[in-house]
Amino acid sequence: MNARKFIAASSRDALKLVRIELGEDAVILSNRKVAEGVEIVAVAGDELAQLSEIRGNASPSKRENGSTSKSHGLSAGNPSKRPASLSTEAANQAAALGAKVLDGDMHTKKSPVQHSSEEQLSLLSEIKSMRNLLQEQMARLSWSDLQQRDPVRGTLLRDMLNVGFSPMLSRQLLDKVPAAGGFDWLRRVLAHNLRVASLQDDVITRGGIYALVGPTGVGKTTTTAKLAARAVVRYGADMVALVTTDSYRIGAHEQLKIYGKILGVAVHAVRDTDDLKLTLSGLKRKHLVLIDTMGMGQRDSRVAEQAQMFDAVGVQRLLLLNATSSGDTLDDVVKMYGSSSVIGCIPTKLDEAVTLGTVLDVVVRHKLTMHYIASGQRVPEDLHEVNLEYLLHRLFKDVEKTNPALAIQESELPSFMAGVGCAQVQGGQYAY
């Protein structure tokens, strides 16, 4: 295995030489500071591939010949001081940067290790682990350098993470932050990417049949009553109907019936697809029919059965998102409940959430349309139209008061972002 040393004034210049000479798949074995600047020891990616090929049926003599043919002219003496032969592009680049490229002293020698597949596989695993560790170290250096060169982006990134946004979305949105950018710029970008239902798309204005779905405890029954109360004020009680499919939770039907009695709205209970079809056929003249559904975990098998029942009747759905849940949980909820029949979402429990970043992060990444927001138990007072200016103001107003035990400090950003990795954000591009 032929390693090479790249010595340049900075890590950026040294890595540029590594890519030019050894390709994008080059493996970084070590890096350190030297008198001339930074020294990086790297090896071509195909050198590692040879190690895994030893599992084949090739004879030891063939493997020795293959290894020898890949040792690019390493000689006895002091090979670490010997200048390496470079491609024309790499030589020109090295000359322009005043950098050096030397043959390393890490070549594979004939030993018993070459004759043991298990030992070679173990070596390959160790090298891969070393590669991941060194890549993380290089990423940490890169983020540290970015903070020094662009402190505005570093500050915005820290604050986005502390209010609940995911590292992936934060990186994506801040990728194009201008030099003079700040919180005003960030608020505008977030406002451009948060979708809000227009007046024409408002479920109460349009009318129709809608089911409110979501996991247990997200506030489906209360939100159903809040929407019904708004519709009754606008169109009258005789133009609104309530339906419940929750026959499992004790008192679920009775709770909705109490709301229906207060509003003067009829409440119907259904158990299966045929029962739902029959009930809805008798409510065709209603302007708005709201269906309260059974609460169940997003991984419950009955979630799919419920979706099939609504699809069979052509019922559109509104997904309720608990603002106090973690990002992983909300992602799972959107995945399990999501379908083409889900026309948008209603974030709930905003009064209980310390920060709104997590739920807004999910709304942006999954491109969900917000129809309303819910922030309490009162019917109908605690259901509000979406006010982006209010949401974004509340989002960042207490960012400096984040619990120190949970907050990410600016000095910790390089280590944190290096550990996150370089995964790309799902969902495509965002508006700026």
Notebook entry, point to check: Does any non-hydrogen side-chain atom of Val196 lie less than 4.5 Å from one of Thr369?
Noted result: no
Next item on the list: Would you please name every residue forming a salt bridge (Lys or Arg N to Asp or Glu O under 4.0 Å) with Asp332, sequence neighbours left out?
Entry: Arg299
Margin query: For the residue pair Thr244 / His268, report whether a side-chain donor-acceptor contact shorter than 3.5 Å exists.
Written below: no
Item checked: Salt-bridge contact Asp361-Arg365 (side-chain N to carboxylate O under 4.0 Å) -> yes
Checklist line | Nearest heavy-atom neighbours spanning Thr358 and Ser325 | finding: CG2-O, 3.6 Å
Next item on the list: Nearest 0.5 Å please: distance from the OG1 atom of Thr348 over to the CD1 atom of Ile373.
Entry: 11.0 Å
Checklist line | Spacing of Leu383 atom CG and Arg230 atom CZ [to the nearest 0.5 Å] | finding: 5.0 Å
Item checked: Partner residues of Arg285 under the side chain to side chain contact (heavy atoms under 4.5 Å, CB included) criterion, sequence neighbours left out -> none
Using atom types as modelled, flag every donor-acceptor pair under 3.5 Å from a side chain in residues 314-323 to any protein atom, sequence neighbours excluded.
unit_1	atom_1	unit_2	atom_2	d
Arg317	NH1	Asp311	OD1	2.8
Arg317	NH1	Val315	O	3.3
Arg317	NH2	Ser339	OG	3.2
Asn322	OD1	Thr324	N	2.9
Asn322	OD1	Thr324	OG1	2.6
Asn322	ND2	Thr324	OG1	3.3

Note to self: Testing Thr223, Thr245, Thr221, Thr222 one by one against Asp292 for a side-chain hydrogen bond (donor to acceptor under 3.5 Å, both in side chains), which residue passes?
What the structure shows: Thr221
Note to self: Taking the side chain as everything from C-beta on, heavy atoms only, tell me whether Phe6 gets closer than 4.5 Å to Leu15.
What the structure shows: no
Notebook entry, point to check: Should we count CD of Glu381 as having more than 12 external heavy atoms under 6.0 Å?
Noted result: yes
Next item on the list: Work out which heavy atom in Leu288 is nearest to a heavy atom in Val203; give both atom names and the distance.
Entry: CD1-O, 3.8 Å
Item checked: Pair Asp201, His371: side-chain N/O donor-acceptor within cut-off below 3.5 Å -> no
Notebook entry, point to check: Is there a donor-acceptor contact under 3.5 Å linking the side chains of Ser326 and Thr329?
Noted result: yes
Item checked: Shortest non-hydrogen contact from Leu368 toward Cys345 -> CB-SG, 4.0 Å
Check: So which of Lys349, His384, Glu352 actually passes side-chain hydrogen bond (donor to acceptor under 3.5 Å, both in side chains) with Ser375?
Finding: His384
Check: Within a strict 4.5 Å, meaning less than it, do heavy atoms of the Leu388 and Met370 side chains meet?
Finding: yes
Item checked: Nearest non-hydrogen partners of Asp331 and His366, listed with the distance -> OD1-NE2, 2.7 Å
Margin query: For a 4.5 angstrom cut-off between non-hydrogen side-chain atoms, does Leu190 reach Phe396?
Written below: yes
